[in-house]
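Below, chain A is the first sequence line, B the second, and so on; all start at residue 1.
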There are 2 protein chains.
Amino acid sequence: MVTSLRERRRLQTGRDIQMAAVTVALRNGLDNTTTEAIATEAGISTRTFFNYYNNKHAAILGDAVRIDLIGAGWFAGSQNPVIDDLAHLLGQAAHDHPLDRALLLKILEVIEAHPALQEMFRTRLDETTVLVTEMLNARLGDDMAVEARLLASLATQALTEAVMTWVADDSLGLDAITTLIATRLRSVTQILMQSDTHAGPL
Amino acid sequence: MVTSLRERRRLQTGRDIQMAAVTVALRNGLDNTTTEAIATEAGISTRTFFNYYNNKHAAILGDAVRIDLIGAGWFAGSQNPVIDDLAHLLGQAAHDHPLDRALLLKILEVIEAHPALQEMFRTRLDETTVLVTEMLNARLGDDMAVEARLLASLATQALTEAVMTWVADDSLGLDAITTLIATRLRSVTQILMQSDTHAGPL
DNA sequence: GCATATTGTTGCACAGTGTGCAATGTTTTC
DNA sequence: GAAAACATTGCACACTGTGCAACAATATGC
């Protein structure tokens with residue numbers, strides 16, 4: 001973890017800009033938030049803003065909304081239930097990531113007020129979905145490609161829901177995320193099996 | 001189905017613009033596709049372009065990528081397996097919608113080359129997901145809100161995959177979509193249950 | 001038919017977005 | 001401390017998207 005002065009400044013500036021973006025967006029509304037306003041709030045030039053983020057949406061989400069999966073070769077060959085492995089994999093990812101509850105709350109507040117931001121939010125999630133799909137492909141085999149995509153999309157969505165729950169509840173630790181994912185995936189499985197052998201009573 | 005001259009023209013112009021947008025995007029690449037180029041290709045002014053679509057991405061997707069659920073009160077109270085009901089609901093929606101295979105193929109070709117378009121694609125799907133979520137909520141009860149969202153997202157994704165398969169295979173009729181959704185959801189359920197009672201042999 | 005209301009198209013002005021480039025600063029390297 | 005590497009900025013420029021007002025095309029009522 002070698003952090004030169006440059007690296008630290010670059011990281012800090014990136015965070016400063018994000019903070020400025022979120023602040024201005026909450027204060028003035030996203031529509032009245034120009035890149036110029038964000039830059040001024042962050043104490044930099046407009047041009048520099050674009051050296052850090054492609055647009056104001058990206059600046060608001062920053063790196064906060066982004067999940068990286070780390071070395072998980074164990075996944076392909078595991079004999080444990082898929083649900084537990086997925087929950088563990090994604091829970092671990094959330095665990096390793098510096099999730100900032102306060103910041104996330106603010107970001108979610110902006111997103112809630114401005115659906116336009118959800119687009120980029122989903123795109124970020126899709127990056128994770130692609131990674132999960134690859135892992136599921138390795139585990140299930142190539143003839144299950146479609147199922148792998150479906151399952152990956154479901155799992156990623158479960159992660160999102162779990163993080164939402166975690167964000168909203170101070171008493172929850174990061175470990176709760178793994179549990180939440182597993183529990184809910186089991187719950188969904190139950191519903192999917194409902195009356196599949198046959199219909200229940202009225 | 002009263003179609004005044006105005007209505008017909010408006011619809012036709014909308015389609016003309018979409019065609020122009022897809023054509024230019026395939027010819028020059030999305031990055032070299034200006035709204036001006038699209039407008040010229042469609043034989044209208046730039047200003048008029050923006051009277052029809054908010055931006056070039058929307059113009060390319062047009063109304064083709066958009067699924068409406070129609071009156072489906074039956075869903076909430078049905079006693080059939082959830083999987084079959086979801087497949088029927090979504091299959092019916094695809095059925096009622098004027099899906100144009102050739103146009104969809106072109107659109108998908110543009111999307112494939114330009115991931116930026118996927119954002120709006122997903123946003124369109126999300127509209128459907130929201131509707132499905134509401135129906136599942138009515139069926140499952142409010143204490144299953146999270147599960148409803150997960151399931152809706154899975155089902156919508158299944159619909160997308162089914163449409164993809166349908167688009168790519170001339171021999172498939174629209175009815176195949178319902179079957180594909182049901183089959184794959186069952187397949188996913190199987191995977192989710194895998195070794196959940198307990199681990200299989202090596 | 002014809003007058004009038006409604007809706008559609010267009011040009012124009014204008015604020016905002018995003019990028020290439022070159023000048024100027026700042027940090028790193030040796 | 002000189003030279004390389006990288007960061008910040010201003011400037012020019014092409015493109016996006018919207019409000020507004022003029023004008024054209026269609027619809028409506030008589």
Got a sec, which residues hit salt bridge (Lys or Arg N to Asp or Glu O under 4.0 Å) with A/Arg6, two or more places apart in sequence or on another chain? none
In whole angstroms, how far is the [atom2] atom of [N] from the [atom1] atom of [X]?
X: B/Tyr52; N: C/dT7; atom1: OH; atom2: P; answer: 14 Å
X: A/His57; N: C/dT17; atom1: NE2; atom2: C1'; answer: 12 Å
X: B/Asp16; N: C/dT9; atom1: CG; atom2: P; answer: 11 Å
X: B/Asp31; N: C/dG18; atom1: CG; atom2: P; answer: 14 Å

For [X], all residues meeting side chain to side chain donor-acceptor pair (under 3.5 Å), sequence neighbours excluded:
X: A/Asn51; value: A/Arg47
X: A/Arg27; value: A/Glu41
X: A/Thr189; value: none
X: A/Thr183; value: none

For residues 44-71 of chain A, pull every pair meeting ring pair (Phe, Tyr, Trp, His ring centres under 6.0 Å), keeping only residues two or more places apart or in separate chains. none
Applying ring pair (Phe, Tyr, Trp, His ring centres under 6.0 Å) as the test, list every pair that has at least one member in residues 72-124 of chain B; sequence neighbours left out. B/Trp74-B/His88
Compare the minimum distances between each of D/dA7, D/dG10, C/dT17 and the side chain of A/Ser45, then state the nucleotide with the smallest one. D/dG10
Pairs under 3.5 Å (N/O, protein and nucleotides 25-30 of chain C):
{"unit_1": "C/dT27", "atom_1": "OP1", "unit_2": "A/Arg9", "atom_2": "NH1", "d": "2.0"}
{"unit_1": "C/dT27", "atom_1": "OP1", "unit_2": "A/Arg9", "atom_2": "NH2", "d": "3.0"}
{"unit_1": "C/dT27", "atom_1": "O2", "unit_2": "A/Arg6", "atom_2": "NH2", "d": "2.9"}
{"unit_1": "C/dT28", "atom_1": "OP1", "unit_2": "A/Leu5", "atom_2": "N", "d": "2.9"}
{"unit_1": "C/dT28", "atom_1": "OP1", "unit_2": "A/Arg6", "atom_2": "N", "d": "3.3"}

Salt bridge present between A/Arg9 and A/Asp16 (N-O < 4.0 angstrom): no
So, B/Glu161 and B/Arg184, do they make that salt bridge, N to O below 4.0 Å?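 Answer for the salt bridge query: no.
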Are there any protein N/O atoms within less than 3.5 Å of an N/O atom in nucleotides 19-22 of chain C, and if so, which ones and at what distance?
{"unit_1": "C/dG20", "atom_1": "N7", "unit_2": "A/Arg47", "atom_2": "NH2", "d": "3.0"}
{"unit_1": "C/dG20", "atom_1": "O6", "unit_2": "A/Arg47", "atom_2": "NE", "d": "2.7"}

Report yes if at least one side-chain N or O of B/Thr35 is closer than 4.0 Å to OP1 or OP2 of D/dT16; otherwise report no. yes
Tell me what [X] touches on the nucleic acid: a base, only sugar-phosphate, or nothing, going by heavy atoms under 4.0 Å.
X: A/Asn51; result: base
X: B/Phe49; result: nothing
X: A/Thr48; result: base

Estimated bend of the helix from C/dG1-D/dC30 to C/dC30-D/dG1 (axis per five terminal pairs, rounded to 10 degrees):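 Taking five pairs per end, the axes differ by 30°.
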Taking only residues at least two apart or on different chains, which pairs with a member in residues 49-65 of chain A satisfy salt bridge (Lys or Arg N to Asp or Glu O under 4.0 Å)? A/Asp63-A/Arg66
On DNA chain D, does the nearest nucleotide to A/Arg10 precede the nearest nucleotide to B/Glu36 from the 5' side, or the other way round? Give the residue.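 In this pair, the answer is A/Arg10.
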So which pairs with a foot in residues 28-38 of chain A pass side-chain hydrogen bond (donor to acceptor under 3.5 Å, both in side chains), sequence neighbours left out? none
